[in-house]
There are 2 protein chains.
Amino acid sequence: MLSKGILDHVTTARERVRAELTAEITDAARRQLAEVGAAALSLRAVAREVGLVSSAVYRYFPSRDELLTRLIIDGYDALGAAAEAADRPGEAPRVRWLAVCRAVRAWALAHPHEYALLYGSPVPGYSAPRDTVPAASRVAVVLGRILGDAARSGLLPAASGDRDPSLVSDDAAAVLGGDHPAIDDTVRVRALMAWSAVYGTVSFELFGHFVGSVEDGDRYFDRAMTELAALIGL
Amino acid sequence: MLSKGILDHVTTARERVRAELTAEITDAARRQLAEVGAAALSLRAVAREVGLVSSAVYRYFPSRDELLTRLIIDGYDALGAAAEAADRPGEAPRVRWLAVCRAVRAWALAHPHEYALLYGSPVPGYSAPRDTVPAASRVAVVLGRILGDAARSGLLPAASGDRDPSLVSDDAAAVLGGDHPAIDDTVRVRALMAWSAVYGTVSFELFGHFVGSVEDGDRYFDRAMTELAALIGL
DNA sequence: GTCTGGCGAGAGCGGCGCTCTCGCTCGGGA
DNA sequence: TCCCGAGCGAGAGCGCCGCTCTCGCCAGAC
């Protein structure tokens with residue numbers, strides 16, 4: 001290890017087998033997560049599943065929380081990919097909105113424990129929010145693009161042009177449709193609110209807060225999301 | 001213990017001291033919860049704080065989850081009381097709506113771990129949703145009463161009168177303003193959606209999903225809740 | 001061909017939830 | 001007033017958990 005040369009990206013045999021075992025561990029952890037949830041995910045059980053003694057796993061993940069962080073990032077990526085795949089850029093904005101919302105809900109219902117890990121209570125003392133931001137933004141980017149396309153196609157009414165970075169940050173404004181005369185802070189607040197309302201709706205259903213209030217979750221969800229689409233002008 | 005007579009509600013000395021120790025345990029548990037969160041709440045640490053050996057606590061709570069269930073119910077009651085106290089039945093509906101929403105957010109910010117216990121990921125395998133329902137409904141009852149008062153004061157426009165118990169249950173419909181020609185299923189869906197949107201907004205802020213997007217949480221929250229009020233017609 | 005860095009195993013620490021057994025004590029029935 | 005058993009707290013212990021440290025080995029880098 002004298003120097004870091006040009007060909008360092010050529011993985012050595014050691015690095016390859018290490019990457020493979022790391023993947024094997026995260027796969028086992030993901031299975032555990034899906035079965036018993038994040039709270040009951042045990043590094044020792046993961047180790048048993050991959051045929052290692054528990055201490056050996058620490059060669060690959062410095063702590064249980066690091067392993068969970070890995071699963072969080074992977075979860076955000078999977079959810080983001082599902083949202084991106086559900087978008088149909090040619091369609092009308094409200095059709096696209098509903099399709100993406102449905103995809104988010106479907107992913108959540110199919111992966112309840114992973115969804116809870118992403119959007120439920122933060123599990124450890126405080127994991128690593130910074131690493132997770134890019135992956136976590138993917139759904140927001142999809143929804144923001146729908147809003148921007150709607151504005152560019154002239155669907156949204158003219159707006160006042162209010163702009164206050166302390167209300168909605170510049171970064172978020174760029175994602176939420178970008179610069180367009182039909183998008184001002186009122187629209188951005190509505191969009192942000194709609195975004196969190198989607199997760200509020202999915203979380204309530206998944207965490208049982210709709211028990212006794214909503215019977216047909218599918219139909220309720222579609223109607224709620226349609227109301228939201230109307231709120232942001234789609 | 002031959003019979004359960006008329007004066008059984010007169011607590012015996014034994015029952016009184018038992019109730020006192022039970023309260024002491026739940027108080028200690030609540031302090032622990034506020035400090036370290038539900039995931040790290042340890043029955044042994046609670047026992048240490050009240051000066052008991054861990055096994056003695058099992059005389060009062062059959063398991064850690066039962067203790068958590070107690071804290072969940074207490075939390076719902078505290079939040080519900082805060083919401084009820086914030087309501088001002090004489091004021092305009094949208095003023096009342098905003099006041100109650102602010103109270104919910106304020107309580108959540110003041111008791112983040114308790115809020116996470118109530119509205120974050122369900123902690124155990126599955127606690128006891130049935131016992132918690134009455135306490136959990138209190139906030140919804142307050143918001144529903146505001147909607148009903150608005151309808152009775154003629155603020156809401158006439159509605160189509162749609163009624164579909166599989167979309168919104170009869171129980172929920174009774175809470176959400178009750179029977180009134182201005183309240184149909186569209187309004188009920190909007191109200192239910194607004195309710196979950198409130199928690200989506202608070203949860204996003206509390207769980208860090210607004211980091212990088214919203215700087216001034218107070219102002220954002222007020223504007224978002226105002227948009228919601230407009231959506232349900234207040 | 002050597003040798004060293006990375007590896008897995010093993011033992012062990014403290015803490016956890018929970019169980020069971022054992023004496024004590026004190027309140028309530030006689 | 002007495003006595004006795006229900007209810008109690010303590011203690012030991014089981015099998016988990018996360019995490020640490022040490023040791024011997026072996027293969028891959030030079």
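What you see is a predicted model; the values in this text were computed from it and never measured. Convention: sequence-line order gives letters A, B, ...; per-chain numbering from 1.
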Legend entry - Annotated protein contacts, base or backbone, on nucleotides 17-27 of chain D with a non-hydrogen cut-off under 4.0 Å, one of B, S, - each: BBBBB------

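- The stretch residues 20-34 of chain A does not touch DNA chain D, since none of its heavy atoms comes less than 4.0 Å from the strand.
- Side-chain atoms of B:Thr132 do not come within 3.5 Å of backbone N or O of B:Ile73 as any donor-acceptor pair.
- Using a 4.0 Å heavy-atom criterion, one finds that B:Tyr60 contacts the sugar-phosphate atoms exclusively.
- If you measure from atom CZ of B:Arg16 to atom C1' of C:dG27, you get 12 Å, rounded to the nearest angstrom.
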What side-chain donor-acceptor pairs closer than 3.5 Å can you find for residues 164-175 of chain A, not counting sequence neighbours?
residue  : atom : partner  : partner atom : Å
A:Asp164 : OD1  : A:Ser166 : N            : 2.9
A:Asp164 : OD1  : A:Ser166 : OG           : 3.1
A:Asp164 : OD2  : B:Arg219 : NH1          : 3.1
A:Asp164 : OD2  : B:Arg219 : NH2          : 2.7
A:Ser166 : OG   : B:Arg219 : NH1          : 3.1
A:Ser169 : OG   : A:Ala172 : N            : 3.1
A:Ser169 : OG   : B:Gly212 : O            : 2.5
A:Asp170 : OD1  : A:Arg163 : NH2          : 2.9

Inset, instruction - Would you please test A:Val198 and A:Trp97 for side-chain contact (heavy atoms from CB on, under 4.5 Å) and show each step? - result: CA-CA 11 Å; A:Val198 173; A:Trp97 164 265; 3.9 Å; yes

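- As a whole-Å value, the separation of B:Glu15 CD from D:dC8 P is 10 Å.
- A donor-acceptor pair is defined here as one N or O able to donate and one able to accept, closer than 3.5 Å; such a pair exists between the side chain of A:Tyr220 and the backbone of B:Met193.
- Between A:Asp222 and A:Arg102 there is a salt bridge, with a side-chain nitrogen of the basic residue lying less than 4.0 Å from a carboxylate oxygen of the acidic one.
- Between B:Arg18 and the phosphate of D:dC8, there is a side-chain N or O to OP1/OP2 separation shorter than 4.0 Å.
- By the ring-ring contact (aromatic ring centres under 6.0 Å, His included) test, B:Tyr76 is found to be paired with B:Tyr119, residues two or more places apart in sequence or in another chain being considered.
- Screening residues 205-215 of chain A for side-chain hydrogen bond (donor to acceptor under 3.5 Å, both in side chains) gives A:Arg105-A:Glu205 as the qualifying pairs, with residues at least two apart or on separate chains.
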Which side-chain N or O atoms in residues 23-40 of chain B pair as donor and acceptor under 3.5 Å with protein atoms at least two apart or in another chain?
residue : atom : partner : partner atom : Å
B:Thr26 : OG1  : B:Thr22 : O            : 3.4
B:Thr26 : OG1  : B:Ala23 : O            : 2.8
B:Asp27 : OD1  : B:Arg30 : NH2          : 3.0
B:Arg30 : NH1  : B:Asp74 : OD2          : 3.0
B:Arg31 : NE   : B:Glu49 : OE2          : 2.7
B:Arg31 : NH2  : B:Glu49 : OE2          : 2.9

